[in-house]
Amino acid sequence: VVAVLKTMNLKQIRQPYYIVDFVGELLNDETNEKLALEILDKVVDAFPQYRANAISRIRNPKLWQSDSFFELGKKMVLPTEADLQSNPWSGLSVYSYSGDGIVNSHFHTLLRGLEASPRLDDLQNAIKASCEKFPTWHAGKAMLALIDLQQGKKEEARVALESLVANVDVVASMTSDAGWLIGQELNKFPETSTIAQTLLEKAMTRDNGMNEFQYTPGPGLIKAYMAAGRRDDARALLVKSMRSTRTGGHQPDYDAYQRT
């Protein structure tokens with residue numbers, strides 16, 4: 001199978017997801033890393049829209065320390081002109097959920113792999129260059145702030161994110177995923193709690209196919225409401241969530257409601 005995939009024109013394949021999934025299986029065995037990289041590189045070139053899926057298959061953070069995988073990672077993150085015609089937030093989509101309303105993007109996966117690595121500076125410079133080339137790539141500006149956060153530059157990150165969302169047109173173009181990801185970062189700072197509320201409220205319109213309240217922006221929004229003294233709004237959101245998630249008499253958010 002690998003030999004065929006290495007030589008064939010992948011654009012002939014109607015379901016590239018299965019190739020990405022196959023690569024994920026290959027990466028479970030370290031001896032297959034080189035082969036997996038070759039196929040992933042072809043997938044990214046043939047199907048740019050599958051870049052995020054490809055990143056998600058690289059679960060071993062050590063792989064990002066490799067020159068070849070790092071260069072592929074940059075290719076996966078940086079947008080094309082075609083990407084930005086449809087989505088100025090290209091690169092910031094929700095990939096995984098925790099049970100407390102916290103989400104991660106594929107970009108977070110790459111950041112964790114590059115933690116304490118000199119390649120992080122390389123990635124940062126590449127994103128800066130793309131932001132200069134494509135001024136409408138708003139996700140790139142948010143990514144730079146996320147890098148600042150990882151490097152412990154909290155104030156720089158806060159100022160950058162606050163400046164980004166101060167633009168009404170930028171916020172209007174924001175996807176629900178981007179609003180959730182940026183809102184949860186701004187929610188960490190008392191100074192930007194109000195902006196975080198606005199973004200998380202926007203993100204609450206997102207349909208992620210899950211009914212459980214803990215897998216929505218709700219927990220973060222309640223935290224923002226409580227910090228702002230909006231207890232009635234926090235309580236109303238919890239009551240609404242209980243109505244929508246109640247099944248068979250089970251009320252998963254009852255304890256949280258009682259605390260509020």
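With values rounded to the nearest 0.5 angstrom, M226 atom CE is found 11.0 Å from D233 atom CG. One distance of note links OG1 of T136 with CG of D169; it measures 12.5 Å at 0.5 Å rounding. Distance check, rounded to the nearest 0.5 Å: CD of E115 to CG of L110 gives 12.0 Å. Residue S105 holds its OG atom at 9.5 Å from CG of D177, rounded to the nearest 0.5 Å. Taken from CG in L111 to CD in Q124, the straight-line distance is 10.0 Å, to the nearest 0.5 Å. Here the CZ atom belonging to R119 is positioned 8.0 Å from the CG atom belonging to L114, to the nearest 0.5 angstrom.
The two residues W89 and T175 come nearest to each other via the heavy atoms CD1-N, 3.9 Å. F134 approaches T80 most closely through the heavy-atom pair CZ-C, 4.5 Å. Scanning both residues, K74 and A126, for their nearest heavy atoms gives CD-CB, 3.9 Å. For F107 against L146, the heavy-atom pair with the smallest separation is CD2-CD1, 3.9 Å. The minimum heavy-atom distance between P217 and M204, with the atom names listed, is CD-SD, 3.6 Å. Across all non-hydrogen atoms, the minimal contact from L78 to S130 is CD2-OG, 3.6 Å.
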L181 and Y95: side chain to side chain contact (heavy atoms under 4.5 Å, CB included), yes or no, with the steps? CA-CA 10 Å; L181 288 159; Y95 158 55; over 6 Å; no

In sequence, state the C-alpha distance, the side-chain angles, and the governing distance for N104 and Y97, and then conclude on side chain to side chain contact (heavy atoms under 4.5 Å, CB included). CA-CA 7 Å; N104 288 297; Y97 306 79; over 6 Å; no

Side chain to side chain contact (heavy atoms under 4.5 Å, CB included) evaluation trace for S90 with L84: CA-CA 7 Å; S90 174; L84 298 178; 4.3 Å; yes

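For the pair I195/L161, no side-chain contact is recorded, criterion being any heavy-atom separation below 4.5 Å from C-beta on. W180 is not listed as a side-chain neighbour of L199, based on a closest heavy-atom distance of 4.5 Å or more. Between E185 and T192, the closest side-chain pair of non-hydrogen atoms is not below 4.5 Å.
Follow the hydrophobic side-chain contacts under 4.5 Å out from F189 and you never reach V159; the two are in separate clusters. Linking ILVMFWY residues whenever their side-chain heavy atoms come closer than 4.5 Å, directly or via other members, leaves Y215 and I102 in distinct clusters.
Partners of E156 under the side chain to side chain donor-acceptor pair (under 3.5 Å) rule, at least two apart in sequence or in another chain, do not exist in this structure. Remark: E191 pairs with no residue by the side chain to side chain donor-acceptor pair (under 3.5 Å) rule, at least two apart or across chains. Annotation: salt bridge (charged side-chain N to carboxylate O under 4.0 Å, His left out) contacts of D232 (sequence neighbours excluded): R235. In this structure, W137 has no ring-ring contact (aromatic ring centres under 6.0 Å, His included) partners at least two apart in sequence or on a different chain.
With hydrogens and angles left out, the side-chain atoms of R230 and Q197 include a donor and acceptor closer than 3.5 Å. When only modelled atom types and interatomic distance are considered, Y225 and E201 share a side-chain donor-acceptor pair under 3.5 Å.
Among residues at least two apart or in separate chains, there is no ring pair (Phe, Tyr, Trp, His ring centres under 6.0 Å) pair with a member in residues 147-169.
Between L221 and the options L237, T216, N187, a side-chain contact (heavy atoms from CB on, under 4.5 Å) holds for only L237. Considering V165, V170, L164 as possible partners of N167, the one that fulfils the side-chain contact (heavy atoms from CB on, under 4.5 Å) test is V170.
Under the 4.0 Å criterion applied to side-chain N and carboxylate O atoms, D148 and K154 are not assigned as salt-bridge partners. Between E155 and R158, at least one side-chain nitrogen of the basic residue sits less than 4.0 Å from a carboxylate oxygen of the acidic one, meeting the salt-bridge criterion.
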Which atom pairs, one a donor and one an acceptor, fall under 3.5 Å between side chains of residues 138-145 and the rest of the protein, sequence neighbours left out?
{"from": "K141", "atom 1": "NZ", "to": "P135", "atom 2": "O", "distance (Å)": "2.8"}

